[in-house]
Amino acid sequence: MVFRRKRKYREKIIKRSIWQQLPEESQNFFIETANILRFAGQFFVELVTPPYEHKEMIRQTYEIGYRTLALVSITGFILGLVLTLQSRPIMIAFGAESMLPSMVSISVIREVGPVITALICAGKIGSSIGAELGSMRVTEQIDAMDVSGTRPINYVVATRVIATTLMVPILVFYADALALLGSYVALNLNSEMTISLFLNKVLGSLGFMDVIPATIKTVFFGFAIGLIGTYKGYYSGRGTQGVGKAANTAVVTSSLIIFIIDLLAVQVSNLLMY
Amino acid sequence: MNDKNDEYIVDIKNLHKRFDDRIVLDNVSLRVAHGENVAVVGRSGVGKSVLLKCMVRLLKPEVDKMTILGQNVPVLNKNDLNHLRQRIGFLFQGGALYDSMTVRDNLSFPVRRTLISKNKQEVNRMVEEALDHVELLDAIDKYPEELSGGMKKRVGLARTLILNPDIILYDEPTTGLDPITSRNISNLILRIQKEFQTTSIIVTHDLTCTKITANNIVVLQDGRFIEKGTFDDMKNSDQEFVRDFFQ
């Protein structure tokens, strides 16, 4: 009994010393990760707790979609256009110009479209949410909600996270469609291809496993953008510097998480496919 | 079992609060009876607002005992804490109005969210009644950015009143206002206390506000209450700092 207690004590000391041996940056990283996970837990609890703010959620969804639409349209179109123009000489060299619509569509739908759109959304939506909530924190609006017992996470966080989770996949679909349009335009700059032939080649090359995993990962992208944006804003530091830092770190962290989700998504979909 | 301490709406014993190495509140004790207006005065940055924030657990207090309205604040779970908070009004220094909402929405928000009433007509009636108390019915459809500093504080007060609180905590209610508006706000605080029979704790360094509103005054310095009493007691205090402050 005494030996067991001594062993437990020794293990505790070792564990503590391992933590203390970590550099401060690593400690901060783990603490931040734990805080984000706890915040996500609070979000899920509030998600199923009434009152439900349908009107605010619809307003946020509209705001997020409307604010990002122009940027996503332009970048989506240019993405498809540039991808096609860049790939064309190589495809011609291999005598595979006719495969160009298939190649572009697979790369756009599977990878480039979702990731680029999500990164744009992280920049545009993530920073905006981080700054908005940060300024609410600085002007004590979040404290005011808290002290009146109105549960700000339910109202401020849940609505925004749901909105981004719903809107990012829709924006990705939209950007993908515009990228394919851009690709079609690029193809017709140098040669001629009818829209029906182009669509035939695009749809013929896309399978179930190209579309579904890509769509599922965009849901996670949207969730991550909303969660990180609200987390950084909700716990922003005091003063204007705090707001700026909240907006900035919201973009940086959510962009990083987008790449991590993308990496995991590739592994999982490859595991399912092969 | 009727403890004598139950007479007190607020009963704090040995409240201690530090930020890193800096001790802000050092074993502060405070008792406030029903219907009493207590002013907490002291120089800027001595921890007056920290005291209020600890009372509603916006900051985590280290305390031997802290009961508000009979509830032991430090051990309350989230749900009970929210219920208690609905009985405590808090007027923030800058008003803390929700800037994306009109005055009407600012006031209806806590009513709607705390599910006191979901009937739109009933909520509207409550909003108009609360705004009428602070004489700002005309500003009902304005946004906070269209309001002056004094108007923001009055709307903030109306938002506090709409939940019909038993106790109101005022954080620097007259800071940044001109002397006339400041006096109007002080008179409003007094009128509200008489009309609604609320208990109030007013954190301020404005002596006019203190004189108009407070039945009792406590002076905070170096993390401790160094003097308690009425306004006249403060002027005749044995302590030089207190006498200087109330000159």
Side-chain angles (χ1 to χ4, degrees), chain A residues 38-39 41-60 62-64 66-67 128-129 131-160 163 230 233-240 243, chain B residues 19 49 52-59 68 73 76 78-101 105-118 120 144-145 152 155-157 159-165 167-169 171-172:
Chain A
R38 200 180 57 175
F39 189 69
Q42 281 176 303
F43 159 76
F44 283 114
V45 170
E46 290 295 346
L47 191 66
V48 293
T49 314
Y52 305 109
E53 293 287 344
H54 303 106
K55 269 189 187 171
E56 177 63 9
M57 198 198 77
I58 291 167
R59 193 180 75 86
Q60 289 296 335
Y62 169 76
E63 282 281 316
I64 286 166
Y66 179 73
R67 277 195 308 229
S128 143
I129 291 176
E132 189 185 3
L133 265 66
S135 88
M136 283 180 80
R137 168 66 70 192
V138 168
T139 53
E140 296 182 310
Q141 291 176 49
I142 289 178
D143 286 345
M145 284 184 188
D146 233 346
V147 294
S148 56
T150 49
R151 307 197 339 265
I153 291 187
N154 179 294
Y155 182 78
V156 177
V157 176
T159 50
R160 281 165 177 79
T230 49
Y234 197 86
Y235 293 110
S236 99
R238 300 280 168 188
T240 45
V243 178
Chain B
F19 295 108
S49 300
L52 292 192
K53 286 179 181 173
C54 285
M55 287 172 68
V56 287
R57 245 172 66 183
L58 275 179
L59 294 172
I68 297 178
V73 178
L76 287 178
K78 218 172 173 184
N79 219 13
D80 291 339
L81 179 67
N82 275 338
H83 282 120
L84 176 68
R85 281 170 166 177
Q86 285 165 23
R87 296 175 64 195
I88 304 174
F90 197 118
L91 182 67
F92 286 85
Q93 203 169 335
L97 300 181
Y98 312 131
D99 49 19
S100 61
M101 300 181 196
D105 293 338
N106 258 282
L107 267 72
S108 61
F109 180 78
V111 181
R112 219 168 32 78
R113 294 280 305 162
T114 51
L115 300 173
I116 289 174
S117 173
K118 284 202 105 175
K120 209 174 175 181
E145 64 188 24
K152 278 182 189 167
V155 173
L157 189 51
R159 191 177 64 186
T160 306
L161 287 176
I162 204 164
L163 291 179
N164 204 11
I167 171 166
I168 304 182
L169 311 177
D171 188 6
E172 307 275 12

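The sequence lines fix the lettering, A, B, ..., with proteins before strands; numbering per chain opens at 1. As the structure is a computational prediction, the values presented were derived from the model and not from experiment.
- Of the two parts of B:I88, only the backbone, made up of N, CA, C and O, holds a non-hydrogen atom closer than 4.5 Å to a non-hydrogen atom of chain A.
- A:R151 contributes atom CZ, which lies 8.5 Å from atom NZ of B:K78 (distance to the nearest 0.5 angstrom).
- Interface remark: A:E53 contributes side-chain atoms only to the contact with chain B (heavy atom separation under 4.5 Å).
- There is no contact between B:L91 and chain A, counting heavy-atom distances below 4.5 Å.
- Shown here for B:R85 and A:G149, the closest heavy-atom pair between the two residues is CB-N, 4.1 Å.
- The number of heavy-atom neighbours closer than 6.0 Å to CZ of A:R59, taken from other residues, nucleotides and ligands shown, is above 12.
- A 6.0 Å sphere centred on OH of A:Y66 holds no more than 12 heavy atoms belonging to other residues, nucleotides or ligands.
- In this structure, chain A has a heavy atom under 4.5 Å from the side chain of B:R159, while its backbone stays farther away.
- Residue B:M55 does not touch chain A at all, counting heavy-atom pairs closer than 4.5 Å.
- Interface check for chain B: of the options A:I142, A:D146, A:T139, the most heavy-atom pairs under 4.5 Å are formed by A:D146.
- Taking every heavy atom of both residues into account, A:Q141 and B:Y98 meet most closely at OE1-CA, 3.3 Å.
- Contacts between A:M136 and chain B at a heavy-atom distance below 4.5 Å are absent for every atom of the residue.
- Looking at B:F90 and A:D143, their side chains never come closer than 4.5 Å, going by heavy atoms from C-beta outward.
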